[in-house]
Amino acid sequence: MLRIWGRATSSNVMKLLWLCEELAIPFERIDVGGPFGGTREAAYLAKNPNALVPVIEEPDGFVLWESNACLRYLARSRVPGHAVYPGDLRAAADCDRWMDWQQTALNPPLVTVYFTLFRIPEPERDWAAFEKAKAQVEALFGMLDDRLSRSAFLCGDALTLADIALGIYAYRWLLLPIERRAMPHLQRWHDALAARPGFQKYVALPLS
């Protein structure tokens with residue numbers, strides 16, 4: 001059986017759990033990272049020298065890290081050609097674009113916003129950095145709102161890996177205790193994702 005190493009509260013682990021629910025992929029999850037520790041142990045570093053989660057491990061010993069790479073691998077290995085990661089080259093590239101954008105553009109400022117509110121002790125919070133990052137995140141989600149004004153999901157009429165990779169962060173953004181401008185298309189898309197069993201089971205957790 002597939003093994004997924006990582007705590008369930010990690011956004012990057014949530015991606016894999018949600019996909020497994022969508023595709024009915026059986027798995028065993030092992031708690032590691034965050035309060036569970038373990039990422040600096042030699043056995044784990046042999047799997048992922050970055051000391052981060054998630055890591056997936058196949059029964060034959062194949063190991064892979066980087067959450068979006070894991071999403072692509074699981075889709076290709078279990079359901080090649082499925083709409084969740086299209087077989088068409090250009091459709092797949094569109095999906096890849098948004099997945100890469102999640103990691104390179106959205107994550108850095110969103111981490112600043114999230115950590116300021118939930119992880120950094122109040123006396124140490126840099127509110128100027130928070131406001132700058134918040135403005136960046138709002139502008140980036142504005143791009144998503146515009147994109148979603150033209151289709152049900154990010155890459156068309158069907159759920160793809162791009163929606164999974166970004167839906168988790170939309171959930172967090174919309175739940176943060178801050179003021180934000182209304183984005184009706186983003187909200188509609190988020191609400192559609194939130195109705196899916198995998199989202200309800202693995203994503204819709206309290207922020208911490």
Side-chain angles (χ1 to χ4, degrees), residues 1-34 36 38-39 41-107 151-171 189 192-205:
M1 183 181 295
L2 175 75
R3 284 186 169 185
I4 299 175
W5 297 80
R7 58 187 172 86
T9 54
S10 161
S11 57
N12 285 322
V13 174
M14 288 177 184
K15 297 175 186 178
L16 307 188
L17 304 182
W18 181 4
L19 179 65
C20 286
E21 182 74 16
E22 291 284 344
L23 301 183
I25 300 172
F27 65 89
E28 174 192 7
R29 187 183 61 78
I30 299 95
D31 278 323
V32 65
F36 302 100
T39 59
E41 294 179 3
Y44 189 82
L45 289 171
K47 301 180 193 299
N48 185 356
N50 297 292
L52 298 171
V53 296
V55 166
I56 61 173
E57 184 176 7
E58 293 277 38
D60 65 359
F62 174 74
V63 168
L64 187 66
W65 40 264
E66 283 299 321
S67 59
N68 286 353
C70 294
L71 287 177
R72 295 181 181 103
Y73 168 78
L74 289 174
R76 285 173 170 163
S77 64
R78 268 59 178 189
V79 288
H82 191 284
V84 78
Y85 192 42
D88 176 80
L89 180 63
R90 293 185 178 184
D94 187 27
C95 185
D96 288 336
R97 164 176 46 196
W98 289 109
M99 294 172 75
D100 290 349
W101 182 87
Q102 173 259 307
Q103 291 185 317
T104 61
L106 182 65
N107 260 32
S151 61
F153 296 96
L154 279 171
C155 299
D157 295 326
L159 180 90
T160 67
L161 299 182
D163 299 290
I164 290 175
L166 279 155
I168 292 164
Y169 301 98
Y171 169 78
W189 168 73
L193 298 181
R196 303 181 80 94
F199 187 105
Q200 294 173 2
K201 187 174 182 179
Y202 294 116
V203 179
L205 304 178

Roughly how far, to the nearest 0.5 Å, is the CD atom of Glu21 from the CD1 atom of Ile164?
11.0 Å

Taking every non-hydrogen atom, the tightest pair across Pro54 and Leu16
CG-CD1, 3.6 Å

Centroid-centroid under 6.0 Å between Trp189 and Phe153 rings:
no

Any side-chain heavy atom of Asp163 sitting closer than 4.5 Å to one from Thr160?
yes

Could you tell me whether the side chain of Gln200 and the main chain of Ala195 form a donor-acceptor pair under 3.5 Å?
yes

Could you check if a side-chain atom of Ile30 sits within less than 4.5 angstrom of a side-chain atom of Phe36, using non-hydrogen atoms only?
no

Should Val84 and Glu22 be marked as a side-chain contact (heavy atoms from CB on, under 4.5 Å) after you check the CA-CA gap, both sets of side-chain angles, and the distance that decides it?
CA-CA 9 Å; Val84 78; Glu22 291 284 344; 5.8 Å; no

Shortest non-hydrogen contact from Gly156 toward Ser151:
O-CB, 3.7 Å

Return the set of residues passing ring pair (Phe, Tyr, Trp, His ring centres under 6.0 Å) with Trp98 (not counting sequence neighbours), or none when no residue passes.
Trp101

Atom CG in Asn68, atom CG in Asp100: separation rounded to 0.5 Å?
7.0 Å

With a 4.5 Å cut-off on side-chain heavy atoms, are Ser11 and Asn107 touching?
no

Is any side-chain heavy atom of Met14 less than 4.5 Å from a side-chain heavy atom of Leu205?
yes

Heavy-atom nearest pair, Gly167 first then Leu193, reads CA-CD1, 3.7 Å

Tyr171: what forms a side-chain hydrogen bond (donor to acceptor under 3.5 Å, both in side chains) with it, not counting sequence neighbours?
none

Close side-chain approach of Ile4 to Cys70, heavy-atom, < 4.5 Å
no

Is Tyr85 reaching over with its side chain to a backbone N or O of Asp96, donor-acceptor style, under 3.5 angstrom?
no

Would you call Ile56 and Val63 a side-chain contact if the rule is heavy atoms closer than 4.5 Å?
no

Flag side-chain contact, heavy atom, 4.5 Å: Tyr202 against Ile168
no

What's the spacing between Leu64 CG and Arg72 CZ if we round to 0.5 Å?
10.5 Å

Glu41 atom CD, neighbour heavy-atom count above 12 within 6.0 Å
no

d(Leu161 CG, Gln102 CD) to nearest 0.5 Å is 11.5 Å

side-chain hydrogen bond (donor to acceptor under 3.5 Å, both in side chains) partners for Ser67, two or more places apart
Asn12, Lys15

Out of curiosity, Phe62 CZ to Glu57 CD, how far, rounded to the nearest 0.5 Å?
11.0 Å

Please, which pairs that meet salt bridge (charged side-chain N to carboxylate O under 4.0 Å, His left out) have at least one residue in residues 78-90, sequence neighbours excluded?
Glu58-Arg78

Please report the closest heavy-atom contact between Ala162 and Cys95, naming both atoms and the distance.
N-SG, 3.5 Å

Heavy-atom closest pair (Arg3 atom, Trp5 atom, distance to 0.1 Å) is NH1-CZ2, 3.9 Å

For Asn48, which residues count as a side-chain hydrogen bond (donor to acceptor under 3.5 Å, both in side chains) partner, sequence neighbours excluded?
Asn50

Nearest heavy atoms of Pro26 and Leu2, plus distance in Å
O-CB, 3.8 Å

Rounded distance (nearest 0.5 Å) linking atom CD1 of Ile25 with atom CG of Leu74:
5.0 Å

Please name all residues satisfying side-chain hydrogen bond (donor to acceptor under 3.5 Å, both in side chains) with Ser77, sequence neighbours left out, ordered by chain then number.
none

